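Have a look at the structure below, then the notes.
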Amino acid sequence: MADQKVFIFDTTLRDGEQVPGCKLNTKEKTELAVRLEEMGVDIIEAGFPISSPGDFHSVEEISRIIKNATVCGLSRAVQKDIEAAARALKKAKHPRIHTGIGTSDPHIRSKFNSNREDILARAVQAVKWARNFVDDVEFYAEDAGRTDNDYLARVIEAVIAAGATVVNIPDTTGYCLPYQYGEKIAWLANHVPNIDKAVISCHCHNDLGLATANSIAGVIAGARQIECTINGLGERAGNTSMEECVMVLKQHKHLGFYTGVKTEMLNPMSRLVSETMRMPVQPNKAIVGANAFSHSSGIHQDGFLKDSTTYEIIRPEEVGADGSKIVLTARSGRSALAFRLQKLGYEFNRNDIDVLYDRFLKVADNKKEIIEEDLRELAKNYKPEEVIADF
Ligand code: KIV
Ligand code: ZN
């Protein structure tokens, strides 16, 4: 069977922007939206139009500018929210209203002081309202991760019958284990009679560090859309990270999926989002962290220098990273030292390197990292005849 497409729904400008300190103005949002479209994202969630006049305007502007991607606006299952989303999306070539309501018992009881039947009726009503304005309506069952599967299946069947084209199954609290989330998606795929009329979407949060694993489990079980953000930004511990999902599907071709994302834009996009949102990326972040292609221990460096595939499963250029780095620390080995010296134009034989390595370790034990300046110093102060004296 031919590979199947997984749609990438980016919510950096909505869920990502909810992070304290990450708020964007319209200019910043539109610039990022243009880049998201360029990189091949299928759906851009531009904002939550009812939330503020500024966000309404951002969604309007993004709708006006974006040509190929679907532009999506969030709303609660409330008439005035849906109407605001519809107004903000008016100029979009491919508009989508994303509406929904909490379906887990804690949400139904504590947030809405309601009951399951009332919530189901509100969900259906919201989708019908939204369908008055656009053909593409996504329904989210908030906290689906903790929602009883039988009830969730009933809600999903009803909203699809009411016209939902995409059904979003959020693990809002990042609670599920990958097998549980996968089973939930499989349950819906097998128990909702009209499920073939809608795309199932994964929207996973990272409270237990499982957002990417859960999203991939969801796709394997039948979902065909992943909701994600650049750098995994989002509420609390964040959302599923786009770069991770896209590369998991690309690396594991045997799964039989592909996305439309141009992977060489992942690192430039990560930097742009980090700068625009003033939110640094952790150095050990998969794919886009500063250390994602750095090698610092002697064993790894030696293997990497012989054959890069011994310690790298992705070529840095494939994801637009600057390149692999051989970092020198007190844990580094002789091959790495020789390699770095060679890069600076110093050619030493094996005996020279043995002597230099002992001196290097003395300096390295007192420093976090040996930088170019230290290497030049080592090389400059070294006289080959010393080898004889040292032995
Ligand atoms: O996490 C969540 O449940 C959400 C919904 C609004 C889609 O962000
Ligand atoms: Zn969310």
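In this text the structure is predicted, and so the values were computed from the model without any measurement. First listed ligand is number 1; within each ligand, the first listed atom is number 1.
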Completion exercise
Quick look: H205 vs ligand 1, heavy-atom contacts under 4.0 Å, and the answer is side chain
Exercise for the section: Quick one: look up the protein heavy atom nearest atom 4 (C) of ligand 1 and list residue, atom name and how far away it is. Expected result: H203 NE2, 3.5 Å
Exercise for the section: Group every Ile, Leu, Val, Met, Phe, Trp and Tyr by side-chain heavy-atom contacts under 4.5 Å, then state whether F9 and V71 land in the same group. Expected result: no
Exercise for the section: Taking all heavy atoms of C202 and all of S215, pick out the closest pair and write down the distance. Expected result: SG-O, 3.7 Å
Exercise for the section: Flag the pair Y382 / F348 as yes when their ring centroid distance falls below 6.0 Å, and as no otherwise. Expected result: yes
Handout entry: Element-labelled atoms of ligand 1 that are located less than 4.0 Å from some non-hydrogen atom of D15
Key = 8 (O)
Exercise for the section: May I ask you to identify, for Q18, whether its side chain, its backbone, both or neither come under 4.0 Å of ligand 1 on a heavy-atom basis? Expected result: neither
Practice task
Take the angle between the ring planes of H252 and H254 and call it parallel below 30°, perpendicular above 60°, tilted in between.
Solution key: perpendicular
Practice task
Answer yes or no for E235: is there an N/O/S atom below the 2.8 Å cut-off from the Zn ion (ligand 2)?
Solution key: no
Problem - Residue D15 atom name (nearest to the Zn ion (ligand 2); N/O/S) - result: OD2
Practice task
Please work out which of the three classes, parallel, tilted or perpendicular, describes the rings of H98 and Y140, given edges at 30° and 60°.
Solution key: perpendicular
Problem - From CD (E61) to NE2 (H57), nearest 0.5 Å - result: 4.5 Å
Completion exercise
Filtering E142, R14, E45 for the heavy atom nearest atom 8 (O) of ligand 1 leaves R14
Practice task
Could you please spell out the steps behind the salt bridge (Lys or Arg N to Asp or Glu O under 4.0 Å) verdict for R76 and E142?
Solution key: CA-CA 10 Å; R76 293 167 298 181; E142 196 181 6; over 6 Å; no
Completion exercise
The atoms of ligand 1 lying under 4.0 Å from a heavy atom of N168, numbered in the order shown, are 7 (C)
Exercise for the section: Given salt bridge (Lys or Arg N to Asp or Glu O under 4.0 Å), test R64 with E60 step by step and report yes or no. Expected result: CA-CA 6 Å; R64 199 174 57 75; E60 260 189 325; over 6 Å; no
Completion exercise
Residue, atom and distance of the protein heavy atom nearest atom 3 (O) of ligand 1 read T172 OG1, 2.7 Å
Practice task
Examine the proximity of ligand 1 to T11 and report which part, side chain or backbone, both or neither, has a heavy atom under 4.0 Å away.
Solution key: neither
Exercise for the section: Report the name of the N/O/S atom of H203 located nearest to the Zn ion (ligand 2). Expected result: NE2
